There are 2 protein chains.
Amino acid sequence: MSDAPKAQNLTWHHGEVSKDAREKAFGHRGATLWLTGFSGSGKSTIARRVERLLIERGCFACVLDGDNVRHGLNGDLGFAPEDRKENVRRVGEVSKLFTEAGAIVLSAFISPYRQDREVIRERVGAAFIEVHVATPLEVCEARDPKGLYKRVRAGEIGQFTGISAPYEEPLDPEIKLLTAGQTVDESAEQVVAYLITQGIIAG
Amino acid sequence: MSDAPKAQNLTWHHGEVSKDAREKAFGHRGATLWLTGFSGSGKSTIARRVERLLIERGCFACVLDGDNVRHGLNGDLGFAPEDRKENVRRVGEVSKLFTEAGAIVLSAFISPYRQDREVIRERVGAAFIEVHVATPLEVCEARDPKGLYKRVRAGEIGQFTGISAPYEEPLDPEIKLLTAGQTVDESAEQVVAYLITQGIIAG
């Protein structure tokens, strides 16, 4: 165990840790970075790269994505429309819990519907940052990291976002990542730069 | 924003943050402290006091309890037996996510059934620490901070843990807090001392 810094002279309210005291102790604000985009757009990869950069800076950061949510918290949910909606709702609520705990949480989910994302924005409040991983569909399909597009084209999967189900692009995202023209590292640095300009993390 | 420490020389695996790298960066291990006990036993109060002590030590700590879970993540659940079970299951899964993110999460829920708690223990693994807030029922009823026992006795609430529904005490909890004989601060210090002896936080 390293000798972690002690947070001195914090102000406490009613025995609880105030938002300000928590920010002062952690050295950064809590936030939800909500990464939305097609399957294969690079959401999780970019989220994990940003997480690493933030942890290197001493921030409390973590990633929520299908890998750690679908088999656990949302293991009771399938892929029917109402289950997908509930999947996104729960992840939004967990993102809120992490944000209130002072973490910078990177939530990487296709989340194709504008209204579902807006509900989370309202729930999380000002700490919600929508990140559009704007990889064109044809690029995602050419990459096809999980072989899903191939299966869709073979008729093995129905209701696939971008092919047979809608994707509603963010109209005014806080961050738009034009991943076709930049590396994963450049996308990650773009996100970190945004957090600095917003005063969420120190420069 | 304070000048947060930078975590240097971490080892990264496949672009992701390994458990070891995260622990080294944060200066402590992740853990779930699961506080179980009767309504009015002091679970949330003790959890918040421990959270404060941990944050003063520079740890990433947070509390999950009815206040921040029942109206959000579990706002779709009522108080029927199957809903209570699902309430505890989801909180267990969220505790796992916080623990894997490297946080020390204090989850304060009556969680009366041994089997429900054992499921969470299995899911979280070695980082699960059961804390029995062993306040006697008569003390909880005398305190009655939310006026619930009064309402139970008046017949306004059915199925109340300890009165008309069972509470299955932990058989071998990692920590047992005999709150009738000590202050909230003493209980909180007992928890912190345990974390130090286990090497979860630095001494």
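The shown structure was predicted, so the numbers you read here are calculated from the model rather than taken from an experiment.
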Item to complete: Carefully, step by step, assess B:R52 and A:R22 under the rule side chain to side chain contact (heavy atoms under 4.5 Å, CB included).
Response: CA-CA 9 Å; B:R52 177 177 142 177; A:R22 196 180 291 268; over 6 Å; no
Practice prompt. Give a yes or no on this: more than 12 heavy atoms of other residues, nucleotides or ligands lie within 6.0 Å of atom CD of B:E82.
Written response: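 Enclosed: over 12 neighbouring heavy atoms sit under 6.0 Å from CD of B:E82.
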Discussion item. Around atom CD of A:E156, are there more than 12 heavy atoms from other residues, nucleotides or ligands closer than 6.0 Å?
Written reply: yes
Discussion item. I need the contact set between residues 63-72 of chain B and chain A: heavy-atom distance under 4.5 Å, sorted by residue number.
Written reply: B:L64, B:N68, B:V69, B:H71, B:G72
Worksheet entry | Proximity of residues 157-185 of chain B to chain A, residues having a non-hydrogen atom under 4.5 angstrom | none
Item to complete: Tell me the residues of residues 32-42 of chain A whose non-hydrogen atoms fall below 4.5 Å from those of chain B, in number order.
Response: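 So far as heavy atoms go, nothing in residues 32-42 of chain A approaches chain B to under 4.5 Å.
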Worksheet item: For chain B, which residues from residues 86-114 of chain A lie under 4.5 Å away (heavy-atom distances)?
Response: A:E86, A:R89, A:R90, A:E93, A:V94, A:L97, A:F98, A:A101
Worksheet item: How many angstroms lie between CZ in A:F60 and SG in B:C62, if you round to the nearest 0.5 Å?
Response: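 So the CZ of A:F60 and the SG of B:C62 are separated by 6.0 Å.
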